[in-house]
There are 2 protein chains.
Amino acid sequence: MDKVALGNVQNCPVTATMQVIGGKWKILILYLIFNDINRFGKMGMMLKDISKQMLTSQLRELENDGIIERRIYPEIPPRVEYFLTAKGRSLEPVISQMRDWGNEHLFNIQSDVATGR
Amino acid sequence: MDKVALGNVQNCPVTATMQVIGGKWKILILYLIFNDINRFGKMGMMLKDISKQMLTSQLRELENDGIIERRIYPEIPPRVEYFLTAKGRSLEPVISQMRDWGNEHLFNIQSDVATGR
DNA sequence: AATAATAGTATGATTTTAAAGACTAGATCA
DNA sequence: TGATCTAGTCTTTAAAATCATACTATTATT
């Protein structure tokens, strides 16, 4: 099968966005941070079935992509907190659209366009 | 580490949406179908580095999720074409948001809100 | 002196994903 | 007669993702 690139990963902005937020746990992690659950241990407790190293790697990727910020406090035992960056907060309309579509087409919950709920 | 479910995959509409469009090639496949490239062979040629069985599995998942429709023509050699369903077309605003965010934050291309370009 | 606390890392094993290549049907073309 | 076409499937095989478990540092507490 001869291959010809036309729509490919490198020049598709949607696919590029997917790479940033599409990780197995990233949406849920962003949800937790959005709800002020921003410590490693707490996140691990909230996310059923995630392993420490998986949590670490997802957090690192979000950090490397500039979506979240990692703040280390010089304390013992160590304290680290994660926060959304401006870029991370800019994902809000993207995630809202996905939420609305999911509610409407997967959970059959209609959203009120006026309120966004 | 004790686990407590709070935000989990089953009740998160965003994660649910991700499961539908988040497959490795799904966005690109939808893009092709949107651009009237709707035969298996053509898609395979356009998507560099995709294998036949990967293409098949992605198409099957999209079909099972009601996003695309598979139409078989009783011809020899066989002809099969894929089309977006109404549900598939309803993804348009979701994908547009992702495209805009990607262009703005990953490719540094500003989008004109008025025209959507 | 041992234990607990946090936010991880290191190691090795296992599971999952994905690829390559061979194979199929049935009509048509050379 | 044998090759060609399409849209796949099937069977290995290799690679990537993920897990469980043990381990680290340093201070405070018991």
Side-chain angles (χ1 to χ4, degrees), chain A residues 1-5 8-9 15 18-30 32-33 36-65 67-83, chain B residues 1-5 8-9 15 18-30 32-33 36-65 67-83:
Chain A
M1 208 190 268
D2 284 344
K3 305 286 186 171
V4 180
N8 72 8
V9 178
T15 301
M18 205 57 105
Q19 310 244 336
V20 174
I21 59 172
K24 204 171 176 181
W25 297 93
K26 288 183 183 173
I27 288 293
L28 293 175
I29 289 170
L30 294 177
L32 292 181
I33 297 178
D36 301 316
I37 292 164
N38 40 23
R39 295 190 60 176
F40 186 87
K42 265 286 165 59
M43 291 181 183
M45 282 188 287
M46 304 299 281
L47 298 171
K48 222 165 166 304
D49 300 333
I50 198 174
S51 69
K52 288 155 161 274
Q53 64 187 171
M54 177 85 283
L55 180 52
T56 301
S57 87
Q58 298 282 288
L59 287 168
R60 290 294 172 282
E61 286 181 23
L62 286 169
E63 193 193 358
N64 291 337
D65 287 330
I67 306 303
I68 62 175
E69 192 204 329
R70 182 168 179 268
R71 224 172 277 167
I72 311 166
Y73 299 87
E75 301 175 6
I76 297 283
R79 181 157 66 102
V80 175
E81 291 184 353
Y82 295 90
F83 299 94
Chain B
M1 209 190 266
D2 283 344
K3 304 287 187 172
V4 179
N8 73 8
V9 177
T15 302
M18 203 58 106
Q19 310 245 333
V20 173
I21 58 172
K24 202 171 175 179
W25 297 93
K26 289 183 182 173
I27 289 293
L28 294 174
I29 289 170
L30 293 177
L32 293 180
I33 297 177
D36 301 316
I37 292 163
N38 39 24
R39 295 190 62 174
F40 186 87
K42 265 284 165 58
M43 291 181 184
M45 282 189 287
M46 304 299 280
L47 299 172
K48 220 165 167 300
D49 300 332
I50 198 173
S51 69
K52 287 153 161 276
Q53 64 184 170
M54 177 85 283
L55 180 52
T56 300
S57 86
Q58 298 283 287
L59 288 168
R60 290 294 173 280
E61 287 182 22
L62 287 169
E63 193 193 358
N64 290 337
D65 286 330
I67 306 303
I68 63 176
E69 193 203 327
R70 181 168 179 268
R71 224 172 277 167
I72 311 165
Y73 300 87
E75 303 175 3
I76 297 282
R79 181 157 65 103
V80 174
E81 292 184 353
Y82 295 90
F83 299 94

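In what follows, chains are A, B, ... by sequence order, proteins preceding strands, each numbered from 1.
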**Message:** With nearest nucleotide decided by heavy atoms, which residue, A:Q53 or A:E81, maps closer to the 5′ end of DNA chain C?
**Reply:** A:E81
**Request:** On DNA chain D, check which nucleotide each of A:S57 and B:R79 is closest to and give me the residue with the more 5' one.
**Result:** B:R79
**Message:** Reading DNA chain D from 5' onward, which residue's closest nucleotide shows up sooner: A:Q58 or A:I76?
**Reply:** A:Q58
Just how far, in rounded Å, is [atom2] of [N] from [atom1] of [X]?
{"X": "B:L55", "N": "C:dA18", "atom1": "CG", "atom2": "P", "result": "13 Å"}
{"X": "B:L47", "N": "C:dA19", "atom1": "CG", "atom2": "P", "result": "11 Å"}
{"X": "B:W25", "N": "C:dA18", "atom1": "CH2", "atom2": "C1'", "result": "11 Å"}
{"X": "B:D49", "N": "C:dA18", "atom1": "CG", "atom2": "C1'", "result": "12 Å"}
{"X": "A:K24", "N": "C:dT17", "atom1": "NZ", "atom2": "C1'", "result": "11 Å"}
{"X": "A:K42", "N": "C:dA5", "atom1": "NZ", "atom2": "P", "result": "14 Å"}
{"X": "B:M54", "N": "C:dT16", "atom1": "CE", "atom2": "C1'", "result": "12 Å"}
{"X": "A:M45", "N": "C:dG8", "atom1": "CE", "atom2": "P", "result": "14 Å"}

Could you please name the option among [options] that lies closest to any side-chain atom of [X]?
{"X": "A:S51", "options": "D:dT6, D:dC19, C:dA7", "value": "D:dC19"}
{"X": "B:P77", "options": "C:dG8, D:dG8, D:dC5", "value": "D:dC5"}
{"X": "A:P78", "options": "C:dG8, C:dA7, D:dT6", "value": "C:dA7"}

**Prompt:** Is there a side-chain contact between A:F40 and A:V80 (heavy atoms, below 4.5 Å)?
**Reply:** no
**Request:** Would you name the heavy atoms of B:L30 and B:I67 that are closest together and state the gap between them?
**Result:** CD2-CG2, 3.8 Å
With a 4.0 Å cutoff (strictly under), does any side-chain N or O of [X] reach OP1 or OP2 of [N]?
{"X": "A:Y82", "N": "C:dG8", "value": "yes"}
{"X": "A:R60", "N": "C:dG8", "value": "yes"}
{"X": "B:R39", "N": "D:dA7", "value": "yes"}

**Item:** Residue pair B:M43, B:I33: steps toward the side-chain contact (heavy atoms from CB on, under 4.5 Å) verdict
**Value:** CA-CA 9 Å; B:M43 291 181 184; B:I33 297 177; 3.4 Å; yes
**Message:** Under 3.5 Å, is there any donor-acceptor pair linking the side chain of A:E75 to the base of C:dA7?
**Reply:** no
**Message:** Run the side-chain contact (heavy atoms from CB on, under 4.5 Å) test on B:R70 and B:I72 for me, step by step, so that the C-alpha distance in whole Å, both residues' side-chain angles and the decisive distance to 0.1 Å come before the verdict.
**Reply:** CA-CA 7 Å; B:R70 181 168 179 268; B:I72 311 165; 3.5 Å; yes
**Request:** Enter the distance from B:R71:CZ to B:R39:CZ here, rounded to the nearest 0.5 Å.
**Result:** 13.5 Å
